[in-house]
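Each remark here refers to the structure printed beneath this line.
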Amino acid sequence: MNELLRAFLALLQRDLLLAFRHRGELVNPLLFFMIVVTLFPLGVSPEEALLRKIAPGVIWIAALLAALFSLENMFRSDFDDGALEQIALSPHPLAVLVLAKVLAHWLVSGLPMLLMAPVLALFLALPGPAVYALEITLLVGTPLLSLIGAIGVALTVGLRRGGVLLTLLVLPLYIPVLIFATNAVAAAAAGMPVEGQLYFLGALLVLALTLAPLATAAALRISLS
């Protein structure tokens, strides 16, 4: 058990170190997230009432696309240099090691979006309770994006220019997350309860944490065979 934990932490540390060494790949999705959100007041209207109404959808669609933008790097470099094959051949369960890589991806893509979102929410005139709901939906929803996306990346990692196929595979699975997250933020902005939507997102996260690493590990073995 201790060896498995050490392997998990070592892989997590390695992926975080590699991400910080390639700062361009780290920063690009965040810049994309920020630019997409800030362009809406310029392109649609600076009117606060309209911005408040569209803000939940704008922020969540930008977060979803930014996460999708960063997904392909999750296994690509390891596949190209053979490290992914060595990880798959290690004596530790591949699903646990996959979970370490998904956690590293969330820490460098989802967590910064979570920290940046309150500023962008104020830019779109979201009221305080809605900003609080937005933070909770991002806290629960962005790990879901990484877990679901890992399955699609694992299936397409062996394909050159598999980005389009990855988008087609993953985007439909993101739709429930998008619907319940935006609905929760919109309900909070209207002063309505949001517990139902948050419970559903929480249930999805538990389900994804249970099944996605196993599905990703199986998909990686297929891609490597």
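Everything quoted here is computed from the prediction, not taken from an experiment.
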Find out if a path of hydrophobic residues (ILVMFWY) with successive side-chain heavy-atom gaps under 4.5 Å connects L111 to W60.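 Result: yes, single cluster for both.
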Taking the side chain from [X] and the backbone from [Y], do they hold a donor-acceptor pair closer than 3.5 Å?
{"X": "R76", "Y": "V157", "answer": "yes"}
{"X": "S223", "Y": "A154", "answer": "yes"}
{"X": "Y174", "Y": "L145", "answer": "yes"}

Any non-hydrogen side-chain atom of I148 less than 4.5 Å from a side-chain atom of L144?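 I148 vs L144: side chains touch.
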Test applied, side-chain contact (heavy atoms from CB on, under 4.5 Å); reference residue, [X]; option that passes from [options]:
{"X": "M74", "options": "D15, T216, V102", "answer": "V102"}
{"X": "F40", "options": "I54, L120, I59", "answer": "I54"}
{"X": "L147", "options": "L103, L99, T142", "answer": "L99"}

Decide side chain to side chain contact (heavy atoms under 4.5 Å, CB included) for L124 and R52; before the verdict, give the C-alpha distance in whole Å, the side-chain angles of both, and the deciding distance to 0.1 Å. CA-CA 6 Å; L124 294 178; R52 192 177 300 123; over 6 Å; no
In terms of the angle between their ring planes, are F69 and F32 parallel, tilted or perpendicular, with boundaries placed at 30° and 60°?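 The arrangement is tilted - the two ring planes meet at 30° to 60°.
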Is it true that atom OH of Y132 has more than 12 heavy atoms of other residues, nucleotides or ligands lying nearer than 6.0 Å?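 Not buried by this count: 12 neighbours or fewer within 6.0 Å.
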Ionic contact status for D78 with R14, cut-off 4.0 Å: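 Here R14 pairs with D78 in a salt bridge, since their nearest N and O are under 4.0 Å apart.
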